Enquirer: 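Just passing along the structure, written as structure tokens.
In what follows, chains are A, B, ... by sequence order, proteins preceding strands, each numbered from 1. Source: prediction; values computed, not measured. Computed from heavy atoms alone, side chains included, the values below leave out hydrogens, waters and symmetry copies.
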Amino acid sequence: MMQISVPLRTPTWFSRRRLLEEKLSDLHKCSNLEHVKQIHAQILKADLHQDLYVAPKLIAAFSLSRQILSAVNVFNQIPEPNVHCYNALIRAHAQNSQPSHAFAVFFEMQRCEMCPDNFTYPYLLKACIGQSWLPVIQMIHSHIEKTGLYSDIFVPNALIDSYSKCGPCGLTAALNLFTSMEEKDIVTWNSMIGGLTKAGELEKAYKLFDEMPVRDMVSWNTMLDGYTKKGDMDKAFKLFEKMPERNIISWSTMVWGYCKAGDIDMARIMFDKSPAKNIILWTTLISGYAERGLVREASTLYEQMEETRLKPDDATMISILAACAESGIMCLGEKIHASINRSRYKCSTKVSNALIDMYAKCGCLEAAFDVFNGIGKKDVVSWNAMLQGLAVHGHGKKALELFSRMIHEEFEPDKFTLVGLLCACSHAGLVEEGRKYFYSMEKVYGIVPEIEHYGCMMDLLGRGGHLKEAFALLHSMPMEPNAKILGTLLGACRMHNAADLARAVSVHLLKLEPSDVGNYSLLSNIYAQAGDWTSVADVRMQMKRHTGGQKPSGASSIELEQKVYDFTVLDRSHPRSDDIYQMIDRLAHDLKLVGYAPVVEE
DNA sequence: CTAGGGTTAG
């Protein structure tokens with residue numbers, strides 16, 4: 001007789017399990033950590049943690065409540081995990097944005113000759129999303145073709161989803177697969193439309209949307225999101241009006257779209273009209289107000305949100321803090337910091353990082369440092385945010401010290417670290433150090449210089465007056481220079497009165513960024529300094545032609561009595577604009593009297 | 001399969 005080894009299932013085992021049955025049925029959907037911990041304790045007591053029905057659910061529950069280590073622990077204690085256990089762990093890593101761990105589990109599975117099923121591949125594909133791992137997706141695709149798991153529509157649908165979010169080549173592959181599929185369900189259509197809208201292919205997306213046999217909420221919301229992400233709020237609104245029904249996602253999408261399009265009043269109307277409000281909807285509008293520097297509105301709304309029973313999560317804090325950092329409204333940032341401290345939940349590293357960035361961008365480096373020093377578990381972003389904060393405020397030496405500390409504490413620098421470091425050198429005039437870091441970064445830290453690093457070098461060399469070297473570097477770059485690089489160089493030309501070099505740069509720059517007022521203004525100042533008034537007049541004309549009606553870019557702002565005031569080049573929109581310019585002229589006059597020589601007179 | 005999310009050079 002053949003010997004089969006199965007776990008001993010005695011009557012006691014069944015009764016123990018039945019006792020927990022009810023609690024176990026939805027365990028894998030539970031994200032409440034306290035609840036999960038409680039059930040975990042009961043499972044341990046009943047000695048069911050190695051059971052092949054219970055363990056995968058437990059892994060899923062730990063993953064949902066963001067306890068990935070506990071999930072891994074559960075898995076490691078299973079003597080002979082089956083495919084469900086492996087799938088649960090792969091899914092857990094995918095959900096916790098650890099794609100490489102997900103694949104490590106998959107390879108372990110192959111090593112044990114465990115056969116993947118129609119759940120394994122979709123979970124793996126999920127892990128690929130956002131990673132630009134086209135070859136990996138192709139590898140999975142060929143695995144699937146070999147195993148014949150195509151028949152389950154779940155599998156090709158997952159392929160379409162991950163392919164279509166993986167660049168132009170991926171999108172083509174997704175479209176090919178989509179066309180070749182004989183049977184499609186609504187998820188197939190929705191995934192394809194989602195991929196097209198994410199790639200900005202709105203016309204193609206709408207064509208499919210129009211063709212599809214049945215549409216559900218997801219189809220409508222996907223199209224809506226596509227238009228709002230493109231900034232086409234007219235089309236979005238028309239679609240929104242045509243929707244047979246709307247849910248909270250539809251309303252949030254509209255609020256977000258109007259916020260980004262700068263139509264904060266419409267955003268507010270949508271918010272007020274939305275029949276239900278969740279934390280995402282609140283977060284979106286508060287961030288929208290904060291981004292535009294509307295301190296009072298943002299603060300009031302934040303207080304109102306605190307009065308609801310809705311619990312702000314990490315995304316809420318991060319989103320609003322980032323908006324505060326962008327517009328420089330520290331008072332709201334501080335308010336959020338205070339309510340984080342008041343709540344008994346400990347601040348996650350991501351939120352702390354957002355706090356550091358907010359304080360640093362608002363110019364309060366002490367507060368940024370306090371948060372930085374108080375973080376329990378720093379990550380590379382914490383260091384980068386602090387480093388960048390020190391760098392942009394001219395504390396070059398302190399930034400370099402912080403970098404040494406970072407290396408000493410065995411953190412691995414990434415490309416952002418190097419940007420911060422080079423930026424620190426440039427702002428502190430440490431040309432030699434900057435050169436050293438730039439030319440050794442690949443060898444020492446394994447980071448290949450990208451366009452941002454070249455940008456830092458343009459600034460470093462340009463400021464230091466090494467214009468020739470900067471131009472040589474520009475021509476030796478392995479990538480096409482962008483507007484930011486050329487703008488940096490133009491700024492350096494201005495600093496060192498290099499009108500001829502400026503002329504050469506501007507040809508390309510004005511082609512890349514024809515509607516940016518700052519570039520024209522910079523260029524006209526350079527020509528004015530050189531006394532080339534013909535060129536000045538020419539630049540002015542070009543500017544009028546290309547920027548008419550466009551919003552000027554680049555602004556500074558100050559916060560005064562709950563309102564943020566923006567200052568932009570050549571802006572005359574303020575009602576007391578004449579007074580303001582008169583005051584500037586008077587200040588310039590007074591400065592000249594005490595010996596300050598402005599670079600440019602007009 | 002659909003909504004908010006931390007660090008990037010002028």
Enquirer: Quickly work out the L387(A) CG to dA9(B) C1' distance and round it to whole Å.
Expert: 13 Å
Enquirer: Does K204(A) NZ have over 12 foreign heavy atoms under 6.0 Å away?
Expert: no
Enquirer: So, are E326(A) and K361(A) salt-bridged, with charged N and O less than 4.0 Å apart?
Expert: no
Enquirer: Take atom CD of E326(A) and atom C1' of dG4(B), then tell me their distance rounded to the nearest Å.
Expert: 15 Å
Enquirer: With respect to the side chain of T488(A), which nucleotide from dG10(B), dT8(B), dC1(B) is positioned closest?
Expert: dG10(B)
Enquirer: Taking only side-chain N and O atoms of K378(A), does any of them lie within less than 4.0 angstrom of OP1 or OP2 on dT7(B)?
Expert: no
Enquirer: Between K415(A) and dT7(B), does any side-chain N or O lie under 4.0 Å from OP1 or OP2?
Expert: no
Enquirer: Can the ring centres of H337(A) and Y359(A) be said to be less than 6.0 Å apart?
Expert: yes
Enquirer: Nearest-Å distance, OH (Y454(A)) to C1' (dT8(B))?
Expert: 16 Å
Enquirer: OP1 or OP2 of dT8(B) less than 4.0 angstrom from a side-chain nitrogen or oxygen of K361(A), does that happen here?
Expert: yes
Enquirer: Examine K378(A) relative to F372(A) and say whether NZ or CZ is less than 6.0 Å from the centre of the six-membered ring and inside a 45° cone about the ring axis.
Expert: yes
Enquirer: Return the nearest nucleotide to the side chain of I451(A); candidates are dG4(B), dA9(B), dG10(B).
Expert: dA9(B)
Enquirer: Could you please name the option among dT8(B), dG5(B), dA3(B) that lies closest to any side-chain atom of I248(A)?
Expert: dA3(B)
Enquirer: Taking only the side-chain nitrogens and oxygens of K484(A), find out if one of them lies under 4.0 Å from OP1 or OP2 of dG10(B).
Expert: no
Enquirer: Can you find a side chain N or O atom of K165(A) that sits less than 4.0 Å from OP1 or OP2 on dT2(B)?
Expert: yes
